[in-house]
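Working notes, beginning with the structure itself.
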2 protein chains.
Amino acid sequence: MDLAAVAGLLADRTRAAFCLALLDGRAWTASELARHAGVARSTATSHLHLLVDGGLLAEERHGRHRYLRVADHRVLELIESLAALAPRQTVRPRSLSASGRQQALARARLCYDHLAGAVSLTVIDAMVERGLLRWGPDPGLTHEGAAWLTELGIAVPSGSRRPLVRACLDWTERRPHLAGAVGAALCDHALTTGWLVRIGTTRALTVTPAGRRAWHDHLGPRP
Amino acid sequence: MDLAAVAGLLADRTRAAFCLALLDGRAWTASELARHAGVARSTATSHLHLLVDGGLLAEERHGRHRYLRVADHRVLELIESLAALAPRQTVRPRSLSASGRQQALARARLCYDHLAGAVSLTVIDAMVERGLLRWGPDPGLTHEGAAWLTELGIAVPSGSRRPLVRACLDWTERRPHLAGAVGAALCDHALTTGWLVRIGTTRALTVTPAGRRAWHDHLGPRP
DNA sequence: ACAACCGTTCGACGTCCCTCGAAGCGTCCG
DNA sequence: CGGACGCTTCGAGGGACGTCGAACGGTTGT
């Protein structure tokens with residue numbers, strides 16, 4: 001493995017597109033990256049093997065998903081050094097308007113069907129403090145939590161093999177956030193009632209005034 | 001020209017060897033680089049075209065020579081970023097003992113058959129101050145300079161179409177240094193008398209105690 | 001149990017590009 | 001002027017690699 005080999009890992013449009021997509025610090029799945037770059041899944045698989053074996057990307061496997069992220073801060077610097085010399089700046093738009101957009105992603109976003117970002121962690125903290133949620137090694141919903149959901153008009157999910165409460169790694173916050181059936185139901189409810197709305201067609205979410213009111217009413221400081 | 005294309009420029013062993021060789025800040029000719037990388041001159045030509053067109057290297061043509069150097073500080077950073085991720089560090093020895101070696105090269109070295117580096121510039125300055133040398137747009141040797149050479153035991157070169165005094169670009173100092181027949185004769189004399197000796201088999205030179213004495217005797221502060 | 005989905009392996013196809021030698025052009029030196 | 005040298009262009013050969021579709025194993029959710 002010499003210098004030319006490392007450069008060769010980034011000397012392909014598809015692999016470069018993967019790395020640029022991963023610059024936002026989030027973890028992507030292999031299929032997401034394949035769709036983003038416009039190649040077949042099998043093609044993405046071989047590329048991802050090269051990038052992981054070469055030490056540029058790190059992987060974490062959860063069930064049938066394979067999450068990928070940039071391995072190292074040195075890799076970030078390498079990609080930035082390359083971008084600084086590429087006249088056609090496909091990544092440059094980020095620096096203009098999308099530093100704010102990246103902040104929005106870090107604040108609140110969709111992670112498949114549930115909420116991620118800094119906001120999702122405050123939800124967990126508030127729910128744990130009010131005794132609605134068990135967190136830690138054996139997460140679950142308490143009786144109070146079930147009643148709380150019913151009060152919100154959310155049917156407590158059941159009849160599925162999907163766990164009610166699950167921890168999902170949050171790559172921007174480096175802490176797990178709320179997934180599982182309850183996480184999905186909460187997120188779905190927040191979107192249908194307009195507490196949260198998507199920013200354009202991206203995964204980024206923003207909290208509406210109605211969302212702030214609901215937060216105060218249902219998760220605000222205890223009396 | 002996108003990110004993958006820039007990476008592709010360095011994704012070849014030969015081109016990577018060129019760039020690593022040029023890391024010392026000196027200018028190399030195309031043939032030197034070809035010999036250093038072990039490829040045919042025609043191969044080197046095509047690679048150098050790619051690197052120059054891609055903006056990684058800059059060229060300067062002098063007569064039949066083509067001098068190449070790293071174009072930009074951003075290119076230096078890119079190469080260093082790549083080297084930081086390459087486990088097989090062919091360039092790493094530089095950082096250990098050869099930061100001192102690089103300083104030695106910047107101080108005094110051979111440029112073909114004459115002297116280059118910081119020492120060569122002090123020679124010019126001292127010779128100009130003593131009226132031995134005309135420098136600037138029309139460089140040449142003065143009558144006093146010719147007498148000074150004879151006094152040193154150096155025959156004033158003649159009978160050749162090679163100019164007596166010529167300016168040669170010094171890439172570490174960004175100033176021209178003394179070349180031409182006089183530059184070569186002075187350098188040859190300094191090496192044969194032991195004023196200068198080569199460091200190992202490299203082009204780097206070091207000034208001996210005898211060299212310092214000779215400097216004081218022949219170019220020292222005027223009375 | 002069954003369907004849907006994610007990821008993987010494999011073989012085949014096509015393309016890109018790295019390499020060299022021979023021939024040629026311009027410059028420098030005697 | 002004639003020889004030496006540095007560099008370039010051109011064509012041909014050959015190896016490396018990116019791409020896809022089809023088939024398969026494993027996990028998730030109904």
Side-chain angles (χ1 to χ4, degrees), chain A residues 4-5 7-18 27-54 57 59-68 112-114 157-164 166 168 179-181 183-185, chain B residues 4-5 7-18 27-54 59-68 112-113 157-164 166 168 179-181 184:
Chain A
L9 290 175
L10 291 167
D12 176 84
R13 296 185 92 91
T14 302
R15 289 196 293 268
F18 288 175
W28 294 51
T29 65
S31 292
E32 284 177 315
L33 289 171
R35 203 178 322 123
H36 179 262
V39 295
R41 284 197 303 270
S42 57
T43 303
T45 293
S46 75
H47 283 309
L48 292 173
H49 274 152
L50 293 175
L51 289 169
V52 170
D53 291 349
L57 299 186
E59 67 178 17
E60 193 141 341
R61 296 182 185 247
H62 283 73
R64 59 180 168 183
H65 293 279
R66 181 193 193 185
Y67 295 93
L68 293 138
Y112 304 96
D113 57 356
H114 57 266
S158 67
S160 162
R161 275 178 45 186
R162 184 179 192 183
L164 283 179
R166 205 169 61 80
C168 177
Chain B
L9 290 175
L10 291 167
D12 176 84
R13 297 184 90 91
T14 300
R15 288 195 294 268
F18 288 176
W28 295 50
T29 65
S31 292
E32 283 178 316
L33 289 171
R35 202 178 322 123
H36 178 263
V39 295
R41 283 196 305 269
S42 58
T43 304
T45 292
S46 73
H47 283 309
L48 292 173
H49 274 153
L50 293 176
L51 289 169
V52 170
D53 291 347
E59 67 177 18
E60 191 140 343
R61 293 178 187 252
H62 284 73
R64 59 181 168 180
H65 293 279
R66 181 193 194 185
Y67 294 94
L68 293 136
Y112 303 96
D113 57 356
S158 66
S160 162
R161 274 179 48 188
R162 183 178 193 185
L164 283 179
R166 205 170 60 81
C168 177

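When reading the values below, keep in mind they use all heavy atoms of this one structure, side chains included, and skip hydrogens, waters and symmetry mates. Within every chain, numbering begins at 1; the chains are lettered A, B, ... in the order of the sequence lines, protein sequences first and strands thereafter. The model shown is predicted, which means the values in this text are computed figures rather than measured ones.
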For A:His49, give me all partners under ring pair (Phe, Tyr, Trp, His ring centres under 6.0 Å), at least two apart in sequence or on another chain.
none
Indicate for each nucleotide in nucleotides 7-21 of chain C, in 5' to 3' sequence, whether protein heavy atoms under 4.0 Å reach the base (B), only the sugar-phosphate (S), or nothing (-).
BBB--------SSBB
For B:Phe18 and D:dC7, what is the distance between atoms CZ and P respectively, to the nearest whole Å?
11 Å
To the nearest angstrom, the CG-P distance between B:Leu51 and D:dT8 comes to 13 Å
Base-pairing string, 5' to 3', of DNA chain D - Watson-Crick or wobble, under 3.5 Å, | interstrand
||||||||||||||||||||||||||||||
Please confirm whether the backbone N or O of A:Leu9 pairs with a side-chain atom of A:Arg15, one donor and one acceptor, at under 3.5 Å?
yes
Looking at A:Thr29 and A:Leu68, what are the two nearest heavy atoms and their distance?
C-CD1, 4.5 Å
What is the distance, to the nearest angstrom, from the CD atom on A:Glu60 to the C1' atom on C:dC6?
17 Å
Quick one: A:Leu164 CG to D:dT28 P, roughly how many Å, whole number?
16 Å
For B:Leu10 and B:Ala16, which heavy atoms make the closest approach, and how far apart are they?
O-CB, 4.1 Å
Side chain to side chain contact (heavy atoms under 4.5 Å, CB included) filter on B:Ser46, not counting sequence neighbours, yields none
Which pair of non-hydrogen atoms, one from B:Ala11 and one from A:Ala11, has the smallest distance, and what is that distance?
CB-CB, 3.8 Å
On a heavy-atom basis, which atom in A:Ala34 and which in A:Arg41 lie closest, and how many Å separate them?
CB-CA, 4.2 Å
Under the side chain to side chain contact (heavy atoms under 4.5 Å, CB included) test, which residues partner B:Thr14, sequence neighbours left out?
B:Asp12, B:Phe18, B:Ala37, B:Val39, B:His47
